[in-house]
Amino acid sequence: MTEPHPLPAEEPRASVRDVVLIGMLTAFAAFSIDLYLPALPAIAADFNATLGAVQGTMASFLIGLAVGQLVLGPLSDRIGRRPPLLAGILLYTLSSAALTLVPTLDLLIAGRFVQAVGACAGLVIGRAIVRDRFSTTETARFFSLTFLIIGVAPLIAPSIGALLLKWSNWHMIFWLLAAFGLMAGIATFALIPESRSAETARQAASENTLQSYVAALSHRRVLGYVLAGGLNGSALFTYLATSPALFMDHYHQSAQQFGFIFTFNALGLVAATQVNRVLLRRFGPGPIARNASVLAFLFSSILLALALILPELPMLLTITMIFLILASYGFVGANLSALALGEMPARAGVVSALLGSGSYLFGAVATIVTAPLVTGGPATLAGALVIGLGASIAALVLIVDGHGPRWH
């Protein structure tokens with residue numbers, strides 16, 4: 001496949017306001033996950049449940065993100081970006097407030113699913129809005145820039161969550177999420193115009209949702225990028241879901257100490273996204289994503305080998321390897337998303353839905369499998385990373401590059 005050339009000077013570039021607004025929308029999921037991670041032990045104690053059972057709230061949230069995007073992405077192609085975006089933010093705000101009142105863990109798990117369906121509107125439609133307005137390479141740069149906003153969540157959210165627990169209880173975390181949703185809704189209503197193109201409207205009118213998905217998945221490179229991006233993204237969400245048990249249970253760190261560890265690892269991811277933005281001035285998104293995927297696989301393999309050889313693997317070594325693995329993701333996610341969207345700009349909502357749903361669906365499966373086992377140490381997390389990252393590379397080689405069985 002021919003890589004995109006650098007943008008001509010006359011092509012539109014993203015403004016600071018664009019980056020802040022879209023970054024805020026795409027931060028819904030990250031903020032909703034990272035803010036409440038330190039509260040998992042407190043929630044478990046409140047409901048007299050195990051930490052593994054409470055991690056079901058994470059799995060349900062990831063499933064909600066996956067399912068919701070599959071609905072809202074095509075809907076935004078069909079009726080426009082603003083109506084489903086504003087409806088999703090409203091649902092998120094109301095459900096976040098309602099989660100402060102749930103009396104049982106089962107209701108909390110169900111409520112997190114509903115909250116995720118609202119949260120995913122910003123993710124799936126935000127990506128489509130970017131593709132509506134910019135070229136493939138500029139889209140990759142834009143996604144890297146938004147990580148400066150999204151990156152605030154893993155950098156500060158766990159520490160904020162830990163402070164809220166110190167001053168109040170876990171219910172306050174969901175009140176804060178409701179306030180964030182309200183603020184984002186007002187900003188979206190006032191500042192984000194409709195961006196759906198006439199071409200997208202005509203395309204959506206000519207086919208139903210199922211036909212749109214069949215067309216997208218029948219496109220070899222779109223399918224390959226979606227699978228590669230989803231499998232690679234599952235590694236990130238596996239870490240998010242299992243890190244509280246790994247560091248607070250296995251390594252016996254406090255909620256505050258966990259917040260500092262989480263922030264340190266997130267710094268690698270945020271820094272990598274900005275290096276990626278610089279590299280895109282000289283290299284195409286494809287080569288950058290491929291090389292970074294290989295590095296991530298190598299780092300996760302090293303972590304697995306160390307965890308198997310050293311039953312009591314020092315925490316500092318575990319943190320170092322996780323830092324490197326997460327940093328490599330900063331060179332993968334934005335580039336694969338931009339490449340997939342660039343293949344079918346007239347179906348941006350559908351392709352965006354597939355990209356987002358793939359990551360969260362694979363992440364939910366990995367979370368369900370690894371959550372009960374991760375308290376035994378880093379080997380379970382490392383094994384899940386090796387499988388997910390290895391499969392991501394296979395999707396790039398066998399499907400995108402066409403080196404597997406002949407594609408019909």
Of V386, L381, L295, I387, the one forming a side-chain contact (heavy atoms from CB on, under 4.5 Å) with S300 is V386
Check whether the side chains of R78 and Q203 place a donor and an acceptor atom closer than 3.5 Å, and report yes or no. no
Any chance the side chains of R347 and S212 put a donor and an acceptor closer than 3.5 Å? no
Donor-acceptor pair, S392 side chain versus G388 backbone, under 3.5 Å? no
Quick one, P378 and L246 - any side-chain contact, counting heavy atoms below 4.5 Å? yes
Donor-acceptor contact present, side-chain S234 to main-chain F362, <3.5 Å: no
Taking all heavy atoms of R82 and all of I192, pick out the closest pair and write down the distance. NH1-O, 2.6 Å
Looking at N232, L231, V332, which hits side-chain contact (heavy atoms from CB on, under 4.5 Å) with L389? N232
Donor-acceptor pair between T200 and S197 side chains, under 3.5 angstrom: yes
Do side-chain atoms of R127 reach the backbone of S337 as a donor and acceptor pair under 3.5 angstrom? no
Using 0.5 Å steps for rounding, measure from the OG atom of S95 to the CZ atom of F174. 9.5 Å
Do the ring centers of F180 and F28 come within less than 6.0 Å of each other? yes
Testing the basics here: between A140 and L280, what is the closest heavy-atom pair and its distance to 0.1 Å? CB-CD1, 3.7 Å
Does a side chain donor of either T273 or Y329 reach within less than 3.5 Å of an acceptor in the other side chain? no
Over 60° means perpendicular and under 30° means parallel, so tell me whether Y239 and F262 are parallel, tilted or perpendicular. parallel
Counting only N and O atoms by type, is there a donor-acceptor contact under 3.5 Å from the side chain of E207 to the main-chain atoms of A204? no
Do you see a donor-acceptor pair shorter than 3.5 Å between the side chains of S144 and N276? yes
Straight-line distance of D249 CG to T242 OG1, nearest 0.5 Å: 12.0 Å
If only atom types and distance count, is the side chain of Q211 paired as donor or acceptor with the main-chain N or O of T209 below 3.5 Å? no
Residue pair R131 / T136, side-chain donor-acceptor N/O under 3.5 Å: yes
Test salt bridge (charged side-chain N to carboxylate O under 4.0 Å, His left out) on D132 and R81 and set out the steps. CA-CA 10 Å; D132 288 340; R81 310 302 186 202; 2.8 Å; yes
Using atom types as modelled and distance alone, determine if a side-chain donor or acceptor of S357 lies under 3.5 Å from a backbone N or O of L354. no
Are the side chain of S168 and the backbone of L164 linked by a donor-acceptor contact shorter than 3.5 Å? no
N335 (side chain) donor-acceptor with F331 (main chain) under 3.5 angstrom: yes
Mark yes or no for whether D77, through its side chain, and G349, through its backbone, hold a donor-acceptor pair below 3.5 Å. yes
Atom CD of E199: over 12 foreign heavy atoms under 6.0 Å: no
Tell me whether the NZ or CZ atom of R112 lies within the 45° cone about the ring axis of Y36 and under 6.0 Å from its centre. yes
Is there a donor-acceptor pair under 3.5 Å between the side chain of E343 and the backbone N or O of H219? no
